[in-house]
Amino acid sequence: MSKRIEVNDLNVYYTNFLAVEGVSIVIEPRTVTAFIGPSGCGKSTFIRTLNRMHEVIPGARVEGEVLIDGNNLYGPGVDPVLVRRQVGMVFQRPNPFPTMSIQDNVLAGVKLNNRRMSKTDADDLTEKALRGANLWNEVKDRLARPGSGLSGGQQQRLCIARAIAVEPDVILMDEPCSALDPISTLAIEDLIEEMKQEYTIVIVTHNMQQASRVSDRTAFFNIAGTGKPGKLIEYDDTTTIFSNPSVQATEDYVSGRFG
Amino acid sequence: MTTAAATTIKARQRPGDRIFSSATVISGSLILAVLAAVAIFLLVESLPAFVAGPDDFNGDITNFWSYVGPLVFGTIYSAVLALLMAVPVAIGIALFISHFAPRKLAQSLGYLVDLLAAVPSVVFGLWGIGVLAPLVQPFYTTIVDWFGWFPPLAGPASGTGRTIFTVSIVLAVMILPIITAICREIFLQTPLLHEEAALALGATRWEMIRMAVLPFGLPGIISASMLGLGRALGETMAVAMVLSPSPEVIFQLLTAQNSNTIAANIALNFPEAHGVGVNILLATGLVLFVVTLLVNMLARVIINSRKAFSGAN
């Protein structure tokens, strides 16, 4: 289920503009890795290259390799559609499909695989995914109601349920709590802690307390100035990054001297 | 404190607000007034038609309802056929412009579609007679030969090609631009969030469109179709020019005998009408008015029944 990600010397371009330069990083399975750094430093851009979602943005392209258990995502003949079924993603703002019921939202990704499911299988999978996202008890009586009727935090957990229903190897989260209140944030953070047992999780966050609470390893990205490419400055155990970083810029950022 | 809260506080009336709110009220009432004026005119003028006797009609028609029945049928039949042809094509064009075409091509295609909407209907009528009817006539013969066992396609095929099916094609071309234009606008408004959600689940482009774009755009597609249907129901010139009418209900699509439509029938007969004949034609107009109203109400009901899932909340 859970897989290792290895990135070798990755550059990301928007048309001709170099947005992220020379990132090399190894993410171990069954860990939570947090990406922190100031706005515009390329963390979101970089996390999107881990499931080729950057290709949705016109003109975006990469150089370098991303290996998931040794298979290069950017190898010739690799279908981005299959990559995304393997590497799930949760976005900054909760985005359940408004036209679908809660249950259909959970099953949306599974149904894409053209699998014809019996009703009992579908119900079982819905329950499993919703339990996995700590949402089952709150929505079990209204599975046929629209997903957009839930609160923001519930919607975000619904999106997580939708992502884990397809049983991916890796789950990417791009600031999953930035649109949520503290209680909902806590619920998601607890969930991340549990999901670590089964998945490799990468999370982008602006909230340094959140990074220190949920992650095992932390990567600090920074940018030298506007128009310059974002770079990976330091990558280490979270405790090291927050207590004894080896680069001055990391220490300045985590201690709140800038950013 | 409590006494102060009991008296309602009046908001200060600003002149700008007042002018603007009166302007909107006037515009709103104007549409109602115009609609009421048309409805009352039709209703009053129609009354004599409802009691008209056999002498007032040509042929062996005995009362107004047997006169208007085939017309209503022809109107709805041709308009629905046109809609069935136009909507899938319009959705296809709109999706191509909004999600598949390169930006430059999409823009010029958009202009082209809008241009099509500006062509007067008499031109479409001429095109229908001069180009389309002779072009499709051989196909009609073949279709009748092969599929004549299917009642709506039964023969004999029209020798001129001027059938209700040809009319429907002309109508479909006429309503295509408006449906396409609205669908395109709706599809472009699909939130990027939902498109990305679908793609991140491993949807292909087509699956993304089916999951996010089409469901989101459904109310818009229905509204656009209703506008197109309204135009097809009321279209006069193109139908009057192409069709050779007969006063019966005829299901066959490809024969020389065809039910007429209400609007075309009014246009054809109004110049020679006198006395009760004028009232009868106006009464058919009233029936068209009611039919259009019912169609639009039906569309509203369909849209509202899915309101919770529209994403508007």
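These numbers were taken from a predicted model, which means no experiment stands behind them. Throughout, a chain's letter reflects where its sequence line sits, starting with A, and its residues are numbered from 1. The analysis underlying the following values was restricted to heavy atoms, covering all of them including side chains, and did not include hydrogens, waters or symmetry mates.
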So which part of A/V90 gets closer than 4.5 Å to some heavy atom of chain B, the side chain, the backbone, both or neither? neither
Quick one: which of A/S101, A/C159, A/G147 has the most heavy-atom pairs under 4.5 Å with chain B, could you say? A/S101
Looking at A/R48 and B/E196, does any basic side-chain N land under 4.0 Å from a carboxylate oxygen? yes
Under 6.0 Å from the CZ atom of B/F147, do we count more than 12 heavy atoms belonging to anything else shown? no
Interface moiety of A/R52 toward chain B, non-hydrogen atoms closer than 4.5 Å: neither
Kindly compute the distance separating CG (A/D79) from OG1 (B/T204), expressed to the nearest 0.5 Å. 9.0 Å
Does B/R300 have more than 12 heavy atoms from other residues, nucleotides or ligands lying within 6.0 Å of its CZ? no
Does A/F17 CZ have over 12 foreign heavy atoms under 6.0 Å away? yes
If the threshold is 4.0 Å, N to carboxylate O, is there a salt bridge linking A/R85 and B/E207? yes
CD of A/Q92 to CG of B/L193: how many Å apart, nearest 0.5 Å? 9.0 Å
Chain B contact via A/P96 - side chain, backbone, both or neither, heavy atoms under 4.5 Å: backbone
Nearest 0.5 angstrom please: A/F91 CZ to B/H194 NE2, how far? 11.0 Å
Non-hydrogen atoms of chain B under 4.5 Å away: do they reach the side chain of A/V81, the backbone, both or neither? both
For atom CD1 of A/I183, decide whether the heavy atoms of other residues, nucleotides or ligands shown that lie under 6.0 angstrom number more than 12. no
Side chains of A/K111 and B/M211: does their closest heavy-atom pair fall under 4.5 Å? no
d(A/L107 CG, B/L201 CG) to nearest 0.5 Å is 11.0 Å
Who among A/R145, A/Q86, A/R162 has the most heavy-atom pairs with chain B under 4.5 Å? A/R162
